[in-house]
Structures are given as structure tokens and as C-alpha cells.
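All remarks here apply to the structure that follows.
Residue indices begin at 1 and follow the sequence shown.
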Amino acid sequence: MAGGVLAVFAHPDDESLLAGGVLAACAAAGRRVAVVSMTRGERGPTELHELVGGLALGDVREAELLVAARALGVSSAECLDYPDGELADVDEAQAAQALALLLAREQPEVVISFSDEGLYWHADHLAVSRFLNAALDLPGSGGAQPSLYGATWPEGHANRLVSLMRARGLTTDLWGLEPDAFGAPPDSITNSLDVRPFLPAKLGALRAYASQIGPSHLLSTLPDDLAEEFLGREYFVRIRPGESQRDWLADPSVMP
């Protein structure tokens, strides 16, 4: 089997929004793809309280992750039990050791997570990046050192999307965040991949997160043409080259 992929994010839905197309492509190419969310997302906002009902939101979001994983076709998906909204306060050495165990278990050729700005400077996202870099520095975290890529959007991407949605009279909410908060400097992005062949899988995965994409959320009314334009390309920053030194996401075999 071709080299495996480990995706490590903070909350269920991060993986689908930022890297769902690449993860689906790698799965379709026969690679083992494992998705790990460090929290269960129990403190996330939700408009659909009737969906949650008497269940804890973390249970609902963990179940949504499993549905999204099936839509992407990945090999496995799991939530760790770190506290949502409090990753910045977690002991870094302990979290790094937990991720090192995952790296040793999976022995991936490539790891995908957040880039340095965590998409929009979310403290949990930034903490995951720190923990993962620390884990990769630990001895015994697996075999050959994997390549590490941070998934992001370019600066201005969210702003343009919101402007186009507003011009059509459609919903524009992005989890209550200002669109200016999103993205990395364009000149920091090293890899830009056309994932339109896998956009149906990516959109199917995102729709699994009904607790997070309520009626006022931008993604709930996103037209097909804007989905293709704004979600049909994924952006990455090459953070660590890995032992092989090759630019893994630039390899044509990644996107079958």
C-alpha cells in the first residue's frame, strides 16, 4: 500500500473543511488515511439544539466525525478526550507524547494539520500545531520522519466568499467570525491543489456536521458554483520536508 496519511486537527469538521478533498483523494488512491481530532468539540456553537436533544454535544460531534469519515472514504477516525476550548492549557509534554504514540502506530508518510496561523488564530488550533511539532521531535515517534503540511486558506479567501454570498442575498455566517480573521499570507502557501474531482465527497463530509452548520451558516446555502470555486481547491504550507525531502503534495500520484 502507498504511504499513509495522518490528519490531526482540533475539532470534528476541521479536517473536512480544510483538507477533505486531499484526504478523499488519498483514500481513493488506496492509501491508509487516519483522522484524529484532539477534542470532541463539546463547546462548539450550535443552532440546532433539537438535534442535540438530551445528548452531550461532544457525543453528537464525535458521531458526526464518523459519518464524515465514511463520506471521505478514510480508513479510521477518532476523537481524543482533550478539553475543547482549553488545549492551550494542556500539558504540552503529555499531549506531544500522546501524538507520538499515534505517529508510532500509524507510521505515516505525511501528516496534515494546521498551518502556523491555525486558519483564524484559534487557540486550540495553535496548540495542536505546537503539540504536533513537539511530537515529531520526540525519539520513537515512528519510523522515517513524515512530511508535515499545514492546511489553510489564503488571506482574502473568506472575505471574497462572504462578499459573493451577500451579493446574492444568501447567508454569510462563518461561526460568528469576521472573514478578515481567516487565512495565511498567500506567499507562505507552498501547495495549491485542485480537489474538484473529490468535491462531492468533501461536501458530503461537511454536511455530516449538522450541529455546526445551522440555517444561518454560510455553508448551509452555498451554491454549487461557489462551492467549486472556494472549496474545490485546497491550500497547504509545507512545514517539515520529512526524511525523504520530497514535496509529497506536489507528487502527481497524490491526486489520482
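Linking Ile, Leu, Val, Met, Phe, Trp and Tyr whenever their side-chain heavy atoms come within less than 4.5 Å leaves L126 and L80 in two separate clusters. Linking Ile, Leu, Val, Met, Phe, Trp and Tyr residues whenever their side-chain heavy atoms come within less than 4.5 Å leaves Y209 and L66 in two separate clusters. Put simply, V67 and V35 are part of two different groups of oily side chains (I, L, V, M, F, W, Y) that touch within less than 4.5 Å, one to the next. Hydrophobic clustering keeps L177 apart from W121 (ILVMFWY residues linked when any side-chain heavy atoms are closer than 4.5 Å, directly or through intermediates). Note on L226 and L219: same hydrophobic cluster, where clusters join Ile, Leu, Val, Met, Phe, Trp and Tyr whose side-chain heavy atoms are under 4.5 Å apart, directly or indirectly.
No side-chain donor-acceptor contact under 3.5 Å links D194 to the backbone of R233. Of the possible polar contacts, none joining the E42 side chain to the D59 backbone as a donor-acceptor pair under 3.5 Å is found. Using a distance-only test at 3.5 Å, with no hydrogens or angles considered, no donor-acceptor pair links the side chain of S16 to the main chain of L206. Side-chain atoms of T39 never come within 3.5 Å of backbone atoms of D81 as a donor-acceptor pair (strictly under, hydrogens ignored). Side-chain atoms of S37 come within 3.5 Å of backbone N or O of A10 as a donor-acceptor pair. Under the 3.5 Å distance criterion, the side-chain polar atoms of Y120 are left unmatched by any main-chain donor or acceptor of A181. Side-chain atoms of D173 never come within 3.5 Å of backbone atoms of L218 as a donor-acceptor pair (strictly under, hydrogens ignored). Looking at E234, its side chain does come within 3.5 Å of a backbone N or O of G21 through a donor-acceptor pair.
Ring geometry for H11 against H125 counts as tilted: the plane angle lies between 30° and 60°, on a 0 to 90° scale.
Ring centroids of W153 and F182 are separated by less than 6.0 Å, placing the two rings close together. Aromatic ring centroids of F114 and H122 lie 6.0 Å or more apart.
Expressed to the nearest 0.5 Å, how far CZ of R61 lies from CG of D13 amounts to 5.0 Å. Annotation: the span from Q145 atom CD to L136 atom CG amounts to 5.5 Å, rounded to 0.5 Å. Rounding to the nearest 0.5 angstrom, the gap separating the CZ atom in R196 from the CG atom in L231 is 12.5 Å. For the atom pair CG (L23) and CZ (F198), the distance works out to 11.5 Å, reported to the nearest 0.5 Å. Within the model, atoms CE of M38 and CG of D14 stand 12.0 Å from one another, a figure rounded to the nearest 0.5 Å. Going from atom CG of L164 over to atom CG of L170 covers 10.0 Å, rounded to the nearest 0.5 Å.
Nearest heavy-atom pair, A88 versus A127, reported as atom, atom and distance to 0.1 Å: N-CB, 4.0 Å. The two residues I239 and G150 make their nearest non-hydrogen contact at CD1-N, 3.6 Å. Contact between P223 and M165 at its shortest, heavy atoms only, is CD-SD, 3.6 Å.
A salt bridge links R43 with E86: at least one charged nitrogen is closer than 4.0 Å to a carboxylate oxygen. Of the charged side-chain nitrogens involved, at least one lies within less than 4.0 Å of a carboxylate oxygen, so that R168 and D225 count as a salt-bridged pair.
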Would R130 and D116 count as a salt bridge (Lys or Arg N to Asp or Glu O under 4.0 Å) here? Give the steps. CA-CA 9 Å; R130 290 197 307 275; D116 286 346; over 6 Å; no
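Residues S147 and E109 have side chains that never bring a donor and an acceptor to within less than 3.5 angstrom of each other. Between the side chains of S216 and T171, no donor-acceptor pair is found at a separation under 3.5 Å. Using a 3.5 Å distance cut-off with no hydrogens or angles, the side chains of E78 and S76 do not pair a donor with an acceptor. Under the 3.5 Å distance criterion, with hydrogens and angles disregarded, a donor-acceptor pair is assigned to the side chains of S211 and E64. A donor and an acceptor atom, one from each side chain of Y82 and D89, are nowhere located under 3.5 Å apart.
Counting non-hydrogen atoms of neighbouring residues, nucleotides and ligands closer than 6.0 angstrom, the CG atom of D91 exceeds 12 such neighbours.
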